[in-house]
Amino acid sequence: MRASEYLIPTLRETPAEAEVISHRLLLKAGFIRKSASGIYTLLPLAHRVLLKIMNIIREELDRQGGQEILLPILQPAELWLESGRWDVYGPELFRLKDRHGRDFCLGPTHEEIITELVRGDLRSYKQLPLLLYQIQNKYRDERRPRFGLLRGREFIMKDLYSFDRDEAGLEVSYRKMFEAYNRIFSRCGLVFRPVEADSGPIGGSVSHEFMVLAGSGEALVLYCPHEECGYAANVEKAESRAVRPQVIEEPRPLELVATPDMRTVEEITAFLGVGPKNIVKTLLYETDRGLYAALVRGDRELNEVKLQNATGAVRLEMAGPETVQRITGAPVGFAGPVGLDGVELVVDEEVAFMVNCITGANRADAHYRNVQPGRDFSFDRVADLRLVQEGDPCPRCDRPLVSARGVEVGQVFKLGTKYSEAMGLTYLDEHGVERLVVMGCYGIGVTRTLAAAVEQNHDEHGIIWPVAIAPFTVVVVPVNVRDEIQVELAGKAYAALRDAGVDVLLDDRAERPGVKFKDADLVGYPLRVTAGKMAGNGLVELRVRKTGETRLLAVEELVEAVRAFLQA
RNA sequence: CGGGAUGUAGCUCAGCUUGGUAGAGCGCACGGUUCGGGACCGUGAGGCCGCAGGUUCAAAUCCUGUCAUCCCGACCA
């Protein structure tokens, strides 16, 4: 491929709209252009990267027995009504009508349509297990698209669905996919970590996310630094061992104290001269299952996902000031569990251990001191509600957890029978008994993986592609296109690499050398071959983008040197 | 959804306060000189100043509405 004939519209200045590094670099280096918010065109360079990532995915899924198909993106509402998600999915679902007024949506995921497909053709246990996947556009009307390719409204996703006879079969499929994902992201040259995750609105029980580690990542993960333990989880899922108070005090009698205008934990601690660990925060939530009061220690934050799981609520929202006033009889800031009626109490494990704590008194400008959980208020449920923080004890081995940021590029779920039950996907076992199919689903954000690779691999000059997914492995640069010797030698190097099966681009543009070098660094080809001053002696320069390491060698040695680099 | 900001040439931006009919740098085209880290000189093309109303003799500029884009937040009592 010749750069003079190839569309690589690099920019000298970074478009003002881009904030996140992958977004900036992909725009600047000529990989993508924006069409609308969260919707991008992928130019030739990005398309090449995408194809490489997709091929790695294909090879690894096929190795595990996956079969590729293509499912409709445009899907009839009936299927979504059948699964119940037409109403549950909310405004993120792109909905549209056809000319007859029938409802359709653009698929944000494909559980419904694939369940319908398999339902139509699955009869016998002999047809199971089945692993079907597709690599295709998905649509989600994100409430706030951002970060370029990292959170778009239109994106490319690989999704695989597994169909098994029973839980044991699902376990096998799940392990296969877990293994495939490890291999896929390793082969892409990315530093990543699988973590335990909440299964969220897709439903199901067990789930893992694959995180590409990058400081700019949206997702926070907590992991145990002790390798033999290996605990790692998304912050939404992460657990920590509940810490009991070190000093066990004698319970004292309940006492009402005036706390004029003291609403926040900081204000109370300062006013009463106590630590935040002595305070109980009472958080009121409105949910589709009614009102809940969640209690966590004053130094803790509530993990809403855990509350959601503890209550079984689908929608969950903090109560507004009017509701707080109505339920507690006090303005916001003075809610407490003592004498609180009309709401269900969910108490964090740590709160259940507390002695002589401070809570709101459900009246303006007052708190209770020496509140005793169980004595002064009874609670309906104890649960883990805490948002885990760095330094909290590992739930498995007690060592302090460490946090890291990452970009979620893949997630695997055990769906179980959620969809097969809702949509009647069954088979006959060897005894002629009708049984529900047990499903799993496994996604990889392909365009997001591309962006995550940039987030993780760049420097101040531009992108540094991992070799396996680089748009071109090598760029050959004749320094001066009017120097026939240089041009000829560059042509020779290019042809040799091309014939050796290397992905190589010849930068034959009539640009000054500085421009070509800057572009090469910006685009991020792993290797650059320069035909310049030493061309007269048949020597070219081989430069490694990542390290800047360069060496002179004869053009005849080039193919061997490049191969050695690729194998290293 | 709430808040903030911004829409002027392909990109980055100035001009707007104080209305008088549009500018710079980069990029692009052509000519010339250059050629190992985003060269220089000259010539030139390129703009319903986001869109729609309004005020005015006159609007990029003032007013109203609207659309788009970006950023922050989405409730820790």
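Source: prediction; values computed, not measured. Proteins get letters first, then strands, A, B, ... in listed order; numbering begins at 1 in each.
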Tyr368(A): what forms a ring-ring contact (aromatic ring centres under 6.0 Å, His included) with it, not counting sequence neighbours?
none

Contacts of Phe155(A) meeting ring-ring contact (aromatic ring centres under 6.0 Å, His included) (sequence neighbours excluded), chain-then-number -> none

Rounded to whole angstrom units, what separation is found between the [atom1] atom of [X] and the [atom2] atom of [N]?
| X | N | atom1 | atom2 | result |
| --- | --- | --- | --- | --- |
| Asp507(A) | rG37(B) | CG | P | 15 Å |
| Lys28(A) | rU12(B) | NZ | P | 12 Å |
| Leu11(A) | rC13(B) | CG | P | 13 Å |
| Leu27(A) | rU69(B) | CG | C1' | 13 Å |
| Phe517(A) | rA39(B) | CZ | C1' | 15 Å |
| Glu484(A) | rC35(B) | CD | P | 16 Å |
| Lys533(A) | rG37(B) | NZ | C1' | 11 Å |
| Ile39(A) | rU69(B) | CD1 | P | 9 Å |

Inspect the contact between Glu344(A) and Arg381(A) and indicate whether a charged nitrogen and a carboxylate oxygen are less than 4.0 angstrom apart.
yes

Base, sugar-phosphate or nothing for [X]? Non-hydrogen atoms, less than 4.0 Å.
| X | result |
| --- | --- |
| Arg543(A) | base |
| Thr14(A) | sugar-phosphate |
| Asp519(A) | base |
| Arg386(A) | nothing |
| Gly532(A) | base |

Given that Thr10(A) and Glu13(A) both sit by RNA chain B, which one's nearest nucleotide is further toward the 5' end?
Glu13(A)

Could you work out the separation of [N] and [M] based on their [atom1] atoms and round it to a whole Å?
| N | M | atom1 | answer |
| --- | --- | --- | --- |
| rG42(B) | rC16(B) | P | 29 Å |
| rU18(B) | rC76(B) | C1' | 50 Å |
| rA24(B) | rC30(B) | C1' | 22 Å |
| rA52(B) | rC40(B) | C1' | 47 Å |
| rA5(B) | rG50(B) | C1' | 16 Å |
| rC28(B) | rC71(B) | P | 29 Å |
| rG32(B) | rC49(B) | C1' | 36 Å |
| rA74(B) | rU69(B) | P | 23 Å |

Which parts of nucleotides 70-77 of chain B does protein reach within less than 4.0 Å, heavy atoms only, written one letter per nucleotide 5' to 3' as B for base, S for sugar-phosphate only and - for none?
SBBBBBBB

Between Trp465(A) and Phe31(A), does the ring centroid distance fall short of 6.0 Å?
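So the answer is yes for these two rings.
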
Ala496(A): partners by side chain to side chain contact (heavy atoms under 4.5 Å, CB included), with sequence neighbours left out
Val559(A)

Partner set under side chain to side chain contact (heavy atoms under 4.5 Å, CB included) for Asn303(A), not counting sequence neighbours:
Val305(A), Lys306(A), Leu387(A)

Counter-base of [N], judged by Watson-Crick or G-U geometry with both distances under 3.5 Å:
| N | result |
| --- | --- |
| rG2(B) | rC72(B) |
| rU66(B) | rG50(B) |
| rG31(B) | rC41(B) |
| rA14(B) | none |
| rA60(B) | none |

Would you state whether a donor and an acceptor, one from the side chain of Arg12(A) and one from the base of rU12(B), lie under 3.5 Å apart?
no

Once hydrogens and angles are ignored, does a donor-acceptor distance under 3.5 Å link the base of rG36(B) to the side chain of Asn480(A)?
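In this structure, the two groups form no donor-acceptor pair.
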
Whether the Asp141(A) and Tyr139(A) side chains hold a donor-acceptor pair (N or O, under 3.5 Å, no angle test) is what I'd like checked.
no

Give me the ring orientation class for His23(A) and Tyr40(A): parallel if the planes are under 30° apart, tilted from 30 to 60°, perpendicular past 60°.
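Aromatic pair His23(A)/Tyr40(A) classed perpendicular.
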
Not counting sequence neighbours, which residues clear salt bridge (Lys or Arg N to Asp or Glu O under 4.0 Å) with Lys138(A)? List them please.
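Once residues adjacent in sequence are excluded, the partners of Lys138(A) under the salt bridge (Lys or Arg N to Asp or Glu O under 4.0 Å) criterion are Asp159(A).
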
